[in-house]
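Beneath this line is the structure, given in structure tokens, with notes to follow.
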Amino acid sequence: HADVALYCAKSGGRGNFQFFEHGMEMSKEQDHELQQDLDLAVQRDELVLHYQPIFCFSRPEPVAYEALVRWQHPVRGWVTPDDFIPLSEKTGQICAIGDGVMRRACQEAMRLPNDATVAVNISAIELQQDDLVAKVQRALSDSGLSPSRLEIELTETVLLSGAEATKCLKDLQALGVRIALDDFGTGYSSLAYLTKLPISKIKIDRSFIADVMSNTQSLAIIQGLIHIAAGLGLKTTAEGVETQEQLLLLRAAGCDLLQGYHLGRPMPLSDIESHYRSAPVKLMHR
């Protein structure tokens, strides 16, 4: 039982302790079952990608798509990334999953309309692997995708990964791949990293967008981040845009790109072309 309590304490981060409770044992068993199923899903190539569009104000069609991994479990149904990605990071499965996602995203990006960019998420664990740059290079070469059409998104946990991560990012940039910092404004945010890392874009965390209509502090933070990014020659993407009012406010603030359910939900590649041909998004031009 102490081992189970230790497992739960570790999952809660540093500087805490945990007494054993009977529900923990069930949770650990469930995680173990899910881990085994995930191993099979990776081996059988059962994970699929859906793509969420990203827009700019000057064009009615998406300029980029973020590749989001999905898993349809034969018994559990659709398992959300929030359930299996953290588990895969704890077990090390994330590297195999990430490699498959990168290869498939590059292949499927060749079929995206208007030569749109594809954005692929990379975890801090993947970034610490010696062969990440080689894997990305191989995925680009095998698919024929131009490096300029691939964008790698990183969460702020990468900022804790040290000099090795910085070197890896610079090597990826040397390939012609662009780097975006996701969920910016929360967690380990440090403005100093914007000048130290080869970043071309920051994505403003959705928590600020959700409050922007009612919280003047959120609006001030958004305006400040956009101003700083512009001064550094970086693009900004607002995540979680859910209403037309938010869209107009972000336009007035000078945000470059928009992503959220108001503009488009994640969808399979097969649905993309027909969806935007029949129902193009209307954005107010600058």
Side-chain angles (χ1 to χ4, degrees), residues 49-70 81 105-106 108-121 145-155 177-185 199-213 218-219 221-223 225-230 232-286:
L49 295 181
H50 286 188
Y51 295 89
Q52 186 171 25
I54 301 170
F55 290 85
C56 70
F57 286 101
S58 60
R59 292 174 59 181
E61 69 279 348
V63 296
Y65 293 85
E66 181 179 359
L68 301 166
V69 64
R70 297 289 187 262
C106 288
E108 294 186 343
M110 296 295 290
R111 296 162 53 194
L112 290 175
N114 305 308
D115 292 330
T117 297
V118 64
V120 180
N121 292 276
L145 184 71
S146 168
S148 63
R149 291 184 58 201
L150 175 63
E151 183 171 273
I152 288 178
E153 290 191 8
L154 306 156
T155 61
V177 174
R178 287 178 283 184
I179 312 293
L181 194 56
D182 200 6
D183 301 334
F184 195 78
I199 296 168
S200 61
K201 180 191 297 180
I202 60 172
K203 299 187 75 175
I204 302 171
D205 187 73
R206 65 185 62 248
S207 61
F208 298 115
I209 310 304
D211 291 344
V212 72
M213 301 306 300
S218 290
L219 177 58
I221 290 172
I222 290 170
Q223 291 172 330
L225 290 176
I226 292 171
H227 180 72
I228 290 170
L232 295 172
L234 308 177
K235 297 289 187 181
T236 48
T237 300
E239 296 185 284
V241 179
E242 306 249 339
T243 68
Q244 183 71 8
E245 290 76 18
Q246 291 171 343
L247 185 153
L248 295 176
L249 198 62
L250 290 162
R251 174 186 176 273
C255 189
D256 298 298
L257 300 161
L258 305 164
Q259 182 179 5
Y261 283 2
H262 178 64
L263 301 165
R265 293 175 177 268
M267 65 186 77
L269 178 67
S270 57
D271 293 349
I272 287 175
E273 187 173 1
S274 60
H275 178 85
Y276 289 107
R277 184 173 60 245
S278 61
V281 173
K282 302 296 184 183
L283 295 176
M284 184 180 293
H285 295 353
R286 292 184 185 275

Distance (rounded to the nearest 0.5 Å) between [X] [atom1] and [Y] [atom2]:
X	Y	atom1	atom2	answer
K203	T155	NZ	OG1	12.0 Å
H262	E242	NE2	CD	10.0 Å
M110	D115	CE	CG	8.5 Å
I209	S218	CD1	OG	8.5 Å
I54	T117	CD1	OG1	8.5 Å
I202	I228	CD1	CD1	8.0 Å

So which heavy atom on [X] is nearest to which on [Y], and how close?
X	Y	answer
P53	Q259	O-CG, 3.7 Å
A67	A105	CB-CB, 4.2 Å
S148	R178	O-NH2, 2.8 Å
G254	I226	O-CG2, 3.6 Å
P62	Y65	CG-OH, 3.3 Å
F55	P60	CE2-O, 3.5 Å

Counting distance only, does the side-chain N/O of [X] pair as donor-acceptor with the main-chain N or O of [Y] below 3.5 Å?
X	Y	answer
R206	V241	no
D205	S207	yes
R149	A109	yes
Q246	T243	yes

A side-chain contact here means heavy atoms from C-beta on lying under 4.5 Å apart; do [X] and [Y] qualify?
X	Y	value
L49	L269	no
M267	H50	no
P113	E61	no
L258	L250	yes
I272	L112	yes
L154	D182	no
F184	L225	yes
E66	V118	no

Exercise for the section: Could you go through the side-chain contact (heavy atoms from CB on, under 4.5 Å) check for K201 and T237 one step at a time? Expected result: CA-CA 7 Å; K201 180 191 297 180; T237 300; 3.2 Å; yes

Problem - CA sep, side-chain torsions, deciding dist, call: E239, D183, side-chain contact (heavy atoms from CB on, under 4.5 Å) - result: CA-CA 8 Å; E239 296 185 284; D183 301 334; 3.3 Å; yes

Exercise for the section: Before accepting this row, confirm whether a basic side-chain N of the pair E151/K235 lies closer than 4.0 Å to the acidic partner's carboxylate O. Expected result: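 The answer is no: the pair does not qualify as a salt bridge.
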
Exercise for the section: Tell me, with the steps shown, if Q52 and Y261 meet side-chain hydrogen bond (donor to acceptor under 3.5 Å, both in side chains). Expected result: CA-CA 9 Å; Q52 186 171 25; Y261 283 2; 5.9 Å; no

Handout entry: Check against side-chain hydrogen bond (donor to acceptor under 3.5 Å, both in side chains), T236 and D256
Key = CA-CA 5 Å; T236 48; D256 298 298; 3.3 Å; yes

Handout entry: CA sep, side-chain torsions, deciding dist, call: L247, F57, side-chain contact (heavy atoms from CB on, under 4.5 Å)
Key = CA-CA 10 Å; L247 185 153; F57 286 101; 3.7 Å; yes

